[in-house]
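Chain letters run A, B, ... following the sequence lines, proteins first and then strands; every chain starts at 1.
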Number of protein chains: 2
Amino acid sequence: MITNMKHIKNKLEAKGVKPTYQRLCVLKYLEKNMNHPTAEMIYENIAKKIPTMSKTTIYNTLNLFLENGLIHAVTITGTEVRYDINTFSHHHFLCRKCGKIVDIEVKCPFCDGEITQINGSKIEEIHGYFKGICKKCREKNNKVER
Amino acid sequence: MITNMKHIKNKLEAKGVKPTYQRLCVLKYLEKNMNHPTAEMIYENIAKKIPTMSKTTIYNTLNLFLENGLIHAVTITGTEVRYDINTFSHHHFLCRKCGKIVDIEVKCPFCDGEITQINGSKIEEIHGYFKGICKKCREKNNKVER
DNA sequence: TTCATGTTTGTAATCATTACAGATTTAATA
DNA sequence: TATTAAATCTGTAATGATTACAAACATGAA
Ligand SMILES: [Mn+2]
Ligand SMILES: [Mn+2]
Ligand SMILES: [Zn+2]
Ligand SMILES: [Zn+2]
């Protein structure tokens, strides 16, 4: 993944979003951190370098990115929004032990765009969420639960 | 769907949950209202008849039901939990126009229990959420959008 | 009755997110 | 270059769903 400033600037301009310094920072963070961070995580990191950064700006920026299709919202935890730079339709797995959220590659006719309607209702967003125990956490228990 | 008190009482006892008056009320409401209500909606309705009912009891009861597998949580809106008496794995559609949440019947190997693991991670919960415009809302616009 | 345990209730706290208004920046225009 | 309107950013206050907590109440055994 290319994460230089020029590339990020182009990405914003391609969507008609003015590439301000704050917006470049947020988009750069999301390209570097593909682990579906929270607004808080993004804020904490950026505020280290730019102490004047406001949390409201983080939220404003993320919402602007969402409206312009630059990012996707992942609401798998139910408690807060996680942000995803990967805007291709894909599924997610949340480990209830370690809390990590990882992308899931499964054959899905909805993600593939083969099915765009259900009973006459138009599908605009697809969210496939799985919850359980990830492989690493299972192995950590030394015994593989069935 | 049978919604008499005897049936509801049995359902609680079968899960080892003491059938208190408040719990019977909440479970009865959920059996009568399969439209995935919020805690607020459940509270408002029950409080009409039982003014002493506390909202905390509603939350306590719903969480108890969740722990005992009597109901499922649907977090499709991202803003609040919706509660579902239907504990068979199934998908949901949220209309961004009218806000209704409806059950979706799609062939899904995860819901069917055919696939219980992904890359060594154990699947315990499946959430299939679709968002868009429902059939009725599309027809209301008089023109069927593509 | 006494006592322990479980349940319910009301209020206060929490936490993510949004509303709002003032300050600052940007960019167009004169 | 100076003026000025629009856009953006910032900090604080408000919102809303949910939980924490402690007191009141109910239940059932000893
Ligand atoms: Mn992802
Ligand atoms: Mn349902
Ligand atoms: Zn894990
Ligand atoms: Zn609708």
Peer 1: Can B/Val74 be reached from A/Ile123 by stepping across I, L, V, M, F, W or Y side chains whose heavy atoms are under 4.5 Å apart?
Peer 2: no
Peer 1: Round to the nearest Å and state the distance from A/Asn63 atom CG to D/dT8 atom C1'.
Peer 2: 15 Å
Peer 1: Give the nucleotide from the list C/dA16, D/dT18, C/dG10 with an atom nearest to the side chain of B/Ser54.
Peer 2: C/dG10
Peer 1: Grab the CD1-C1' distance between B/Ile42 and D/dT18 for me, whole Å please.
Peer 2: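 It is 14 Å, rounded to the nearest whole Å.
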Peer 1: 5'-most contact on DNA chain D: B/Lys18 or B/Ala39, nearest heavy atom basis?
Peer 2: B/Ala39
Peer 1: Without decimals, in angstroms, what is the distance between A/Leu66 CG and C/dT17 P?
Peer 2: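 Value for this atom pair: 11 Å.
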Peer 1: Hey, does B/Thr79 reach any base, or is it just sugar-phosphate, or nothing, if we go heavy atoms under 4.0 Å?
Peer 2: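 Contact class for B/Thr79: sugar-phosphate only.
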Peer 1: Between B/Lys18 and B/Glu13, is a salt bridge (Lys or Arg N to Asp or Glu O under 4.0 Å) present by the stated rule, with each step listed?
Peer 2: CA-CA 6 Å; B/Lys18 198 184 285 182; B/Glu13 282 169 345; over 6 Å; no
Peer 1: Can you tell me which nucleotide in D/dC9, C/dT18, C/dT8 comes closest to the side chain of A/Tyr59?
Peer 2: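 Minimum distance to the A/Tyr59 side chain belongs to C/dT18.
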Peer 1: Can you hop from B/Ile101 to B/Ile71 via hydrophobic side chains spaced under 4.5 Å?
Peer 2: no
Peer 1: Figure out the CD/P separation between B/Gln22 and C/dT8, and round it to whole Å.
Peer 2: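 Between P of C/dT8 and CD of B/Gln22: 4 Å.
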Peer 1: Quick one: which of C/dT17, C/dT8, D/dT12 gets closest to the side chain of A/Lys55?
Peer 2: C/dT17
Peer 1: Would the B/His36 and B/His92 ring centres measure less than 6.0 Å apart?
Peer 2: yes
Peer 1: Tell me: OH of B/Tyr21 to P of D/dC25, nearest whole Å?
Peer 2: 19 Å
Peer 1: For a quick test of reading the model: is some side-chain N or O of A/Thr57 closer than 4.0 Å to OP1 or OP2 of D/dT10?
Peer 2: yes
Peer 1: How about B/Phe88 and B/His90: are their ring centroids closer than 6.0 Å?
Peer 2: no
Peer 1: At under 4.0 Å, does any side-chain N or O of A/Thr52 touch on OP1 or OP2 of D/dT10?
Peer 2: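 A/Thr52 to D/dT10 OP1/OP2: side-chain N or O found under 4.0 Å.
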Peer 1: Atom CG of A/Asn60 and atom C1' of C/dT18: how far apart are they, to the nearest Å?
Peer 2: 9 Å
Peer 1: Please give, in whole Å, the distance from C/dT9 C1' to B/Ile46 CD1?
Peer 2: 15 Å
Peer 1: Looking at every strand, decide which applies to B/Thr20 at a 4.0 Å heavy-atom threshold: base, sugar-phosphate, or nothing.
Peer 2: sugar-phosphate
Peer 1: Mapping B/Arg23 and B/Pro51 to their closest nucleotides on DNA chain C, which lands nearer the 5' end?
Peer 2: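 The 5'-side residue here is B/Arg23.
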Peer 1: Can you tell me the distance, in whole Å, between the CG atom of A/Leu62 and the C1' atom of D/dC9?
Peer 2: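 Atom-to-atom, A/Leu62 to D/dC9, this comes out as 15 Å.
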